[in-house]
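Structure first, commentary second.
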Amino acid sequence: MLDIKALRENPQILREVLSKRNMENPWKNDSMELNVESFFALQNQYLKLIQEIENLRTRKNKIAEEFGLRKKKGEDTATLSQETETLKKNLALLEEEFSKIDKKFLEATLRIPNLPHASVPPGKTANENVVLRQSPEIPELSSSAREHWEIGKNLNILDFEAAGKISGARFSLLKGKGAQLERALIAFMLDVHTREHGYTEIFAPFLVTAQSMQGTGQLPKFEEDLFKLERDGLYLIPTAEVSITNLHRDEILEESSLPKKYVSYSACFRREAGSYGKDTKGLIRNHQFNKIELVWVTTPKTSFEDLELLTRHAEAILKKLEIPYRVVALCGGDLGFAAAKTYDLEVWMPGEKKWREISSCSLFTDFQARRMNIKYKNLQGKKELVHTLNGSGVAVGRLFASILENYQEKDGSVKIPKALRPYLQMETIEK
RNA sequence: GGAGGCGUGGCCGAGCGGUUGAAGGCGCUGGUCUUGAAAACCAGUAUCCCGUUACAGGGAUCGAAGGUUCGAAUCCUUCCGCCUCCGCCA
């Protein structure tokens with residue numbers, strides 16, 4: 001969330017957030033009946049109430065103190081008890097009102113997105129994203145190149161009918177060499193990031209509490225996108241970002257221990273509400289998919305450079321596997337809720353003839369840290385909020401699909417990228 | 001799942017109804033001493049919020065939420081987490 005105090009002192013910040021994101025009213029779809037004006041009015045109401053309450057509490061505390069003194073001296077305390085009684089009644093009324101306002105104000109604040117950084121390109125939609133760099137060669141595959149779901153089906157390594165029978169739409173099932181390829185990709189990426197990029201590997205829970213979801217920003221605004229276990233009050237993670245970033249919730253870290261760099265494999269679960277009919281085929285948009293996630297906890301001093309490094313780490317996977325890709329800077333209108341800046345990695349899908357997002361690398365500045373109360377003690381001993389970053393390093397299912405499409409041969413077989421061969425002990429997948 | 005124990009500041013740990021935001025220690029910061037460092041000694045050192053140009057001042061916080069009381073870290077209830085023993089289990 002944003003710094004409430006800064007927001008009050010400079011309401012322009014909120015307008016800036018909205019204009020950069022091409023957003024009129026952050027509460028529009030939240031049935032909160034708020035707008036920018038009423039938000040600030042709410043905040044004033046909040047301040048007025050808290051001041052009134054604190055005045056009453058001051059008096060109440062004074063009376064209690066006085067009571068003790070009088071009791072000691074054996075003096076009369078009846079008038080004091082009386083005054084407290086009326087005081088408590090008034091307080092109860094105000095406090096009840098306050099708790100409503102407080103809750104509403106917090107809810108409203110948690111739903112304001114992060115402020116896009118000055119370097120984020122302006123724009124309303126994904127069409128205005130800016131391509132920063134692109135792998136030099138996009139191999140010419142014949143126009144008869146097939147889509148990955150067809151290739152996978154023909155090779156008997158992908159079975160969407162079986163997945164549908166077991167779990168319904170938007171699930172996938174890998175068989176034989178397909179399952180092995182998936183496993184090899186996971187191991188390969190974890191190895192690259194731990195051995196070559198200095199990440200610490202974590203394997204964390206896939207089920208998390210509502211508080212964890214609030215910490216990284218999925219809640220309260222995006223409840224509809226999540227799978228929830230009602231009975232236990234737990235949610236399935238849509239990304240390992242949630243588990244890993246919350247690792248340090250309510251902690252104060254030493255500056256010398258930063259940056260912390262974590263890599264984690266996890267299954268990810270997304271309801272994909274509102275994307276009916278979109279990408280219904282193949283591995284692109286499933287309810288469950290595997291992902292390797294990179295997470296940094298760092299200081300504001302280096303976070304923008306850190307985003308460049310993290311992005312390069314994700315790119316390294318695609319370079320090693322020799323898959324054509326490009327790096328795109330998201331424009332303000334396309335930026336995710338918690339992000340201040342994001343680079344997407346997109347791979348070329350010769351079968352689909354489309355660029356497909358395979359990684360999203362973002363800097364969240366102190367937006368998540370404030371929600372999670374993660375601080376660090378700087379070298380002068382002062383406590384400051386950390387900056388958090390994360391990025392896919394990379395999405396396994398989409399990587400799987402891009403390998404099938406980019407490494408397909410005319411006879412329908414698929415070559416295994418050289419970098420992956422030590423993990424698979426085979427050179428091609430054929431019928 | 002059953003029985004018992006425990007949750008206090010960055011960490012360890014005292015406090016078990018009144019000026020206790022909390023002893024003591026460790027750690028950290030500054031100082032004295034030293035060529036320098038260590039040791040020793042002295043001083044300072046929670047967070048959030050309101051308020052102030054800045055001070056001052058005020059409020060909240062001892063796992064969480066309620067309750068009792070003029071007054072709660074201390075008493076009561078519920079919940080959560082951790083530990084020990086038993087049961088079950090990959």
Side-chain angles (χ1 to χ4, degrees), chain A residues 1-10 40-110 203-215 219 229-235 243 246-258 260 297 299 366-386:
Chain A
M1 60 195 238
L2 298 176
D3 183 346
I4 292 305
K5 214 171 174 177
L7 205 57
R8 175 158 22 98
E9 281 160 11
N10 187 6
F40 285 112
L42 182 65
Q43 191 179 28
N44 284 333
Q45 208 180 344
Y46 169 97
L47 286 179
K48 222 180 112 191
L49 264 176
I50 205 167
Q51 279 162 17
E52 268 182 73
I53 286 173
E54 286 187 1
N55 286 339
L56 292 187
R57 283 185 185 159
T58 306
R59 181 61 193 149
K60 184 170 163 248
N61 290 343
K62 282 264 152 49
I63 290 172
E65 196 180 319
E66 178 71 19
F67 191 101
L69 290 174
R70 287 198 192 177
K71 197 94 194 187
K72 226 183 235 170
K73 292 189 208 158
E75 293 175 0
D76 178 49
T77 54
T79 52
L80 291 180
S81 307
Q82 230 167 32
E83 191 183 345
T84 302
E85 207 160 303
T86 51
L87 212 53
K88 273 162 88 174
K89 270 181 202 152
N90 288 336
L91 252 179
L93 287 174
L94 285 176
E95 277 168 347
E96 201 192 322
E97 196 186 342
F98 177 73
S99 82
K100 278 184 206 150
I101 303 261
D102 182 42
K103 204 176 151 204
K104 192 173 168 191
F105 182 58
L106 180 68
E107 274 276 303
T109 310
L110 286 171
F203 186 77
F206 295 173
L207 296 178
V208 301
T209 60
Q211 197 188 353
S212 292
M213 286 293 186
Q214 182 175 301
L219 288 180
L229 292 130
E230 197 71 52
R231 188 188 172 102
D232 303 286
L234 293 170
Y235 295 81
S243 317
N246 274 281
L247 184 60
H248 291 297
R249 193 173 68 219
D250 292 317
E251 286 185 11
I252 297 169
L253 306 165
E254 290 295 332
E255 180 166 5
S256 58
S257 75
L258 301 177
K260 292 192 181 289
V297 178
T299 72
D366 60 11
F367 189 86
Q368 294 183 326
R370 187 171 289 111
R371 288 170 166 245
M372 276 181 281
N373 189 29
I374 307 179
K375 297 186 175 174
Y376 75 102
K377 208 175 182 182
N378 68 21
L379 302 172
Q380 288 76 45
K382 269 213 129 189
K383 283 159 202 158
E384 282 185 77
L385 291 166
V386 299

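Within every chain, numbering begins at 1; the chains are lettered A, B, ... in the order of the sequence lines, protein sequences first and strands thereafter. Every heavy atom of this structure was used, including side-chain atoms; hydrogens, water molecules and symmetry mates were not.
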Item to check | Residues A:Glu95, A:Arg57: salt bridge by 4.0 Å N-O rule | outcome: yes
Checklist entry - With a 4.0 Å cut-off, would you call A:Glu66 and A:Arg70 a salt bridge? => result yes
Report yes if some heavy atom in the side chain of [X] is under 4.5 Å from a heavy atom in the side chain of [Y]; otherwise report no.
X	Y	result
A:Gln43	A:Ile4	yes
A:Thr209	A:Leu234	yes
A:Glu65	A:Asn61	no
A:Ile53	A:Leu91	yes

Looking at [N], which nucleotide sits across from it as a Watson-Crick or G-U wobble partner, both distances under 3.5 angstrom, or is there none?
N	result
B:A39	none
B:U20	none
B:G51	none
B:C28	B:G44
B:C33	none
B:A73	none
B:G1	B:C86
B:G7	B:C80

Quantified in whole Å, what is the [atom1] atom distance between nucleotide [N] and nucleotide [M]?
N	M	atom1	result
B:G13	B:G51	P	39 Å
B:G27	B:A38	P	12 Å
B:A39	B:G31	C1'	16 Å
B:G15	B:C75	C1'	15 Å
B:C76	B:G7	P	14 Å
B:U8	B:U32	C1'	35 Å
B:G1	B:C49	P	39 Å
B:C41	B:U77	P	47 Å

Quick one: [X] [atom1] to [N] [atom2], roughly how many Å, whole number?
X	N	atom1	atom2	value
A:Glu66	B:G18	CD	P	18 Å
A:Glu65	B:C70	CD	C1'	12 Å
A:Leu91	B:C70	CG	P	15 Å
A:Lys377	B:C28	NZ	P	9 Å
A:Gln82	B:C70	CD	P	12 Å
A:Leu69	B:C70	CG	P	17 Å
A:Lys71	B:G17	NZ	C1'	13 Å
A:Glu251	B:G9	CD	C1'	16 Å

Checklist entry - Taking protein heavy atoms under 4.0 Å as touching, what does nucleotides 47-68 of chain B look like 5' to 3' if B marks base contact, S marks sugar-phosphate-only contact and - marks none? => result SS-SS------BSS--------
Item to check | Reference residue A:Phe105; test ring-ring contact (aromatic ring centres under 6.0 Å, His included); the match among A:Phe40, A:Phe98, A:Tyr46 | outcome: A:Tyr46
Next on the checklist: Donor-acceptor check, side chain of A:Arg59 to backbone of A:Glu83, threshold 3.5 angstrom: yes or no?
Outcome noted: no
Checklist entry - Just by distance, do the side chain of A:Arg249 and the backbone of A:Met372 share a donor-acceptor pair under 3.5 Å? => result no
